[in-house]
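Written out below as structure tokens is the structure these notes cover.
Within every chain, numbering begins at 1; the chains are lettered A, B, ... in the order of the sequence lines, protein sequences first and strands thereafter.
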Number of protein chains: 2
Amino acid sequence: MSLSASRLRLPLASCEGHEDQAPLQVGDLAREVGRSVRAIHLYEELGLLKSARSKGRFRLFDADAVMRVRWIAKLQDLGLSLGEIQSIIKNVDESASAPSAMKLLRDTYREKLAATAAQIARLRALESELAMSLSYLETCDACDPARLMHACSSCDLHDCRPPPELVAAAHTGPRAVAHPPEKS
Amino acid sequence: MSLSASRLRLPLASCEGHEDQAPLQVGDLAREVGRSVRAIHLYEELGLLKSARSKGRFRLFDADAVMRVRWIAKLQDLGLSLGEIQSIIKNVDESASAPSAMKLLRDTYREKLAATAAQIARLRALESELAMSLSYLETCDACDPARLMHACSSCDLHDCRPPPELVAAAHTGPRAVAHPPEKS
DNA sequence: CAATACCCTCACGCGTACGTAAGGGTTGGT
DNA sequence: ACCAACCCTTACGTACGCGTGAGGGTATTG
């Protein structure tokens with residue numbers, strides 16, 4: 001009887017109601033945050049994460065580590081590399097005072113907010129292009145099932161002319177320049 | 001007098017009003033679409049792009065190639081790998097008829113539309129987390145400039161408690177598990 | 001004919017974020 | 001004591017999307 005974090009082990013602290021206190025082994029942390037053990041190791045190598053060690057040199061993590069890895073994941077989703085995350089941490093660690101650290105963090109977050117907004121805008125534009133292309137392609141259901149791609153350029157079944165770029169560019173099949181080479 | 005695509009060359013076709021007809025050399029295409037020559041070569045190696053050749057084995061591209069590369073770029077922005085783009089093209093090329101090709105294309109685009117919407121949603125969530133964190137961090141300006149990070153956990157200047165995760169996780173500095181190792 | 005400014009085809013290199021295997025300890029239950 | 005299930009370190013491997021020469025033609029100007 002005892003499955004604090006792993007299913008069969010409890011190095012210390014257990015059965016006390018909240019398991020928040022039980023140190024997690026690397027595999028437990030990995031499962032908790034949905035990343036591989038190797039990834040956790042990597043984060044620690046890069047200084048993104050710290051751990052205590054058991055007497056047998058096993059890594060032990062606390063609840064903050066869980067938060068930390070989730071934080072890393074979010075920053076990655078925001079498009080930051082592990083190197084960039086490293087420098088965020090370095091900035092914070094090297095700041096003499098809390099307010100100066102927070103200013104640096106703020107600046108970084110501000111940049112990323114702008115970048116994220118821009119990225120969202122780009123994706124939304126692409127999203128609507130995709131939607132338009134899809135509606136354009138609906139019409140193809142009404143096409144003669146035997147018709148060849150080559151005929152698409154003279155198709156008049158669609159409401160929209162010219163076709164969306166996402167559709168038109170896909171029609172540029174095995175073909176080359178219209179006017180071969182050589183200058184008369 | 002003659003700078004069709006490059007600035008000093010015009011292999012053929014020129015001074016005819018629209019330059020759309022003038023075949024582009026690889027460098028011209030690259031500049032046009034904002035990618036490196038190496039990238040264009042790669043796309044061709046992967047079968048994403050076709051080209052004619054001059055008698056001296058120079059690649060020659062037409063206007064469709066420009067569209068094609070822009071298309072590739074958009075799909076990349078949508079998160080597709082070059083390999084995935086390859087298979088889109090393969091699907092289209094291998095389809096016996098146009099309507100069947102378009103069905104495959106539609107399926108792919110549908111998937112990507114869903115994935116893109118999901119990605120936008122994730123980014124929007126992160127965006128608002130960032131915004132909240134920024135507003136939280138504004139308050140730090142009112143903090144004693146000499147205060148240390150360690151004091152943040154008992155700070156009551158902020159409107160929001162607890163602090164956003166994006167802020168809290170950054171405070172997990174050089175520290176380890178509260179309860180070191182060893183049992184009892 | 002020389003000088004540029006391009007282009008060609010290999011083919012190895014790189015940065016990121018891990019995957020994966022090797023060889024060998026540690027933990028905890030029975 | 002023994003075993004299964006973990007963990008440790010070290011270190012090479014992988015997938016992507018190009019970057020970067022090397023060595024050698026080609027096209028257009030003067």
(message) Return whichever of B:G27 or B:R38 has its heavy-atom-nearest nucleotide of DNA chain C closer to the 5' end.
(response) B:G27
(request) Would you mind telling me which residue lines up with the more 5' stretch of DNA chain C, A:G83 or B:F58, judged by nearest nucleotide? (result) B:F58
(request) Establish, from distance only, whether the side-chain atoms of B:Y43 and B:R68 form a donor-acceptor pair under 3.5 Å. (result) no
(message) Whether B:D107 and B:R110 form a salt bridge (side-chain N of Lys/Arg under 4.0 Å from carboxylate O of Asp/Glu) is what I want to check.
(response) yes
(message) Between the side chains of B:D141 and A:K103, is the shortest nitrogen-to-carboxylate-oxygen separation below 4.0 Å, so that they form an ion pair?
(response) yes
Grab the [atom1]-[atom2] distance between [X] and [N] for me, whole Å please.
X: A:D28; N: D:dC7; atom1: CG; atom2: C1'; answer: 11 Å
X: A:E45; N: D:dA11; atom1: CD; atom2: C1'; answer: 11 Å
X: A:L24; N: C:dT27; atom1: CG; atom2: P; answer: 17 Å
X: B:L75; N: D:dG17; atom1: CG; atom2: P; answer: 12 Å
X: A:L82; N: C:dC18; atom1: CG; atom2: P; answer: 6 Å
X: B:R59; N: D:dG25; atom1: CZ; atom2: P; answer: 17 Å
X: A:I40; N: C:dG19; atom1: CD1; atom2: C1'; answer: 15 Å
X: A:E44; N: D:dC7; atom1: CD; atom2: P; answer: 13 Å

I want to check one thing: is the phosphate of [N], taken as OP1 and OP2, less than 4.0 Å away from some side-chain N or O of [X]?
X: A:S36; N: C:dG19; result: yes
X: B:S54; N: D:dA27; result: yes
X: A:H41; N: D:dC8; result: yes
X: A:Q76; N: C:dC18; result: yes
X: A:Y43; N: C:dA17; result: no
X: A:R57; N: D:dT9; result: yes

(message) Please classify the nucleic acid contact of B:L42 as base, sugar-phosphate, or nothing, using heavy-atom distances under 4.0 Å.
(response) base
(request) Using modelled atom types only, decide if a donor and an acceptor are shared between the side chain of A:E32 and the backbone of A:V66 within a distance under 3.5 Å. (result) no
(request) For B:E111, enumerate each residue passing the side chain to side chain donor-acceptor pair (under 3.5 Å) test, keeping only those at least two apart in sequence or located in another chain. (result) none
